[in-house]
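Only one structure is covered here, and it is reproduced in the block below.
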Amino acid sequence: MPWISNSPSPSAAARAVSRRRRPFARAVKQSPPVIQKFLPPPPSPELSSDAKVSAFCAAVAEFSRCRPASPLPSPGSSPSRRHPSAYNALMTSFSRSGDADEVIRLFRELMLWHPIPNALCYNTLINSLAVANRYDHVDKLFDEMVASGVAPTTASYTILLKSRSFDPNFIEYAYKLIPLMVQSGCQPDTSSYTMLIAGLCRARRMDEAWGVLDQMVEDKLLPTVQSYTCIVQGYCSEGRIKEAKRLVARMEGIGCPPDVVTHGILIEALCEAGEFHEVEKLLMESEKKGWKPNEVIYNIYMNGFCKAGKIDESFRLLEVMLTNELHPTIVTLNILFECLCRDSKVWEAKCLLERSAQLGWDPDVFFYNSLMSRFCKMNELVCVLKLFNDLFKKGINPDSCTFTIVIRSLCKAGMLRRAKCLFSNSSFAADVVAFNTLLHEFYRAQEFNEVRALYIKMISENIIPNKFTYCIMIDTLCRERRYMDAIDCFLRSLMIGFFPDLVIRLNNWLVKAGKLREILNLAEGLLCRGLVIDVSVFSALIRALCKEGYCKSNDLDRVCLLLERMLGMK
DNA sequence: CTAGGGTTAG
C-alpha cells in the first residue's frame, strides 16, 4: 500500500496479531463452553432478522430509490473554448459538490483561453479552496489575483474572512483585513459582517459579536437571519441554551423569524441537554411558526437520540421521516448505522457494510470510520485493519479521522512504533487530533523524547496545537520536573486562547511538587498579561504556602503583593 | 462569486 513507507503493511500486522492469537483460540476450542461467552461473537455470515437491521435496509432502499441522477458533468472533459461565465457556472457547481481539485483544473483550463480571469472566477476558485480548508492556497491565490491587476470585490474579502473563521487568530486577522478592504474601496456588506459575527462567536466572544451587530445597524445594514443564527449558535456552543431560546423567541418579534437552520442549531443543543420534550414541542409548532423540518432536522434529532443511547427513538424518527415524505440521505444512513454499532449490533453492521453494493448504497468514509471506531473500542485490532484495507480496495479516501482510529487501535495493541510509521508517510494528512492521539500515547508510555519530537514535527508542519496538545505538553514537562518550561508552554498556549482548566492542571502539578516560586511566576505571568487570576490559582497559592510552612516562606511578600493586586488594591 | 445547520476521532 502506497501510504506506508518501509513498514509492513496492515495486512501483515493483522497476520502478526492473528498469529499471536492462535494459541489462545486453540485453548478456547478445547475448553468448556463457559469460556466461549467471553469471546466476541463471530461475524454473522447472514443478516439477522432483527427489526432495526431490516429498518436500516428499508432506509437504504428508500435512499437508493430517491437518489438524484448525477447533476454534474463528468470531470475531465476535453478542453473547449467557453465563455468565462460558463466556466464560472461549472466551477461553482463543482465547488458546491466539494470537488476543489476539479475547480482548480477548470480554472487552469480557463486561463488557456483567458489569461486573466475576472474577479468572479477568482472568487469561485478561492472560495472552493477555503471550503476545503486549503488556506495556504487561499492567500496565495488572492495575492496572485491582485498581482495580475484584478481588483478584489467585497465577496473576495468575505471569502478571505471565511477562510480564517476557524483560525484561533481570526479576530486579529479580521480587524486588520477590514480596514484594508475599505481602503481598497470595498465596503463590507451584510455577508462580510455576518462572517465577522460568525468568527467572533466561534471564538466565544459573544459581546463583541453583539457589538458588530450594532455596528451593522449603524451602517444601515440590516442584520439577517444568518447574522442572528450565528449568535444563537454561539450561545448553544457555550451551553447557554436559555439565552439561545430567548434570542430565537426575540427574532420573531423583530421581523427576522428563525428558519430551519436556526431551529436545527437549537434542536442540536436541546438534544445535547437531553431536553427531547422541548424538541418535540418545537416540531409540533413548526407549521404554525412558518418553518418546515427537513432531512437535516431529522438527522440532528436522530443523532441526538443516538448519542443519548435512545436507539429505539432514532428508529422511530426514521418512520416519522418516511411518513412525512422526507427521504433518508447518506447522513441519515450513517446515523442509523452508528445506532446499530452502538446497539451491540456491530457484527450485523459489519455484515451490512460488506453487502452495501448488493443492498444499494455506496458507503463513504464515515461508515468505515463509525465501524472502525467501534472495533477500536472493542480492541478488535484485526477488524480495524481489515476495514482499513477494504477502504483502500474500494478506492475510498481515508480522512484524518480514519488515521486517528487506526493509530489508536495500534497503540491500544501496544504497537506504538507502527503507529509512528503512519505519521512518517506523506500521504497521511495528520491534523491536530491525530497528533494529539499519538502524543498522548507516547506520554502514557512515558516516552517523553518521542513526545517532544512529535510536537516539533507538528509545529514544523504548521499544525496549530490546541488545548489538548498543550495539556499533554504541560503534563510531559511536569513529569520531567521541568516546571519553568511547563509554565512557558502554558504562556505560549495563551496565543490560541485562555483555558482556565489548563491553569488548574498546571497548578496541581506545581502544588504537588511544592513549587511555590513557580506558582508565583505563573500568577505574575497571568497578571502582567491582563488576565484575571482564577480562584483556583489563589487557593493553590495558599495550599503551596501551607505545605512549605507559612512562616518559613521567603516569598511571602510576593504572595501578599499578588493578593493585593488580585483584590484590585494596587 | 460571497454569510448561518447535520454523521466519525482525542
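Numbers restart at 1 for each chain; the letters A, B, ... are given by sequence-line order, proteins then strands. On a predicted model such as this, the values are computed, not experimentally measured, just so you know.
- Ser95(A) comes within contact range of no nucleotide atom at all, as no heavy-atom separation falls under 4.0 Å.
- Residue Asn466(A) is classed as a base contact, given a heavy-atom separation below 4.0 Å to a base.
- To the nearest angstrom, C1' of dC1(B) lies 7 Å from CG of Asn127(A).
- Within 4.0 Å (heavy atoms only), Glu268(A) reaches sugar-phosphate atoms of the nucleic acid but no base atom.
- For Thr229(A) against dG4(B), a side-chain-to-base donor-acceptor contact under 3.5 Å is present.
- Nucleic acid contact for Val260(A): base, since at least one base atom lies under 4.0 Å from a heavy atom of the residue.
- Looking at heavy-atom distances under 4.0 Å, Ser156(A) makes no contact with the nucleic acid at all.
- Using a 4.0 Å heavy-atom distance criterion, Val432(A) is classed as a base contact.
- Residue-to-nucleotide contacts include a donor-acceptor pair under 3.5 Å from the side chain of Asn294(A) to the base of dG5(B).
- In summary, the aromatic rings of Phe367(A) and Trp361(A) are positioned with their centroids under 6.0 Å apart.
- Counting any heavy atom pair closer than 4.0 Å across all strands shown, Asn436(A) reaches a base atom.
- Within the 4.0 angstrom heavy-atom criterion, base atoms lie near Ile297(A).
- Listed by chain and number, the residues in a side chain to side chain donor-acceptor pair (under 3.5 Å) with Lys310(A) amount to none (sequence neighbours excluded).
- By the 6.0 Å and 45° rule, Arg202(A) stacks over the aromatic ring of Phe166(A).
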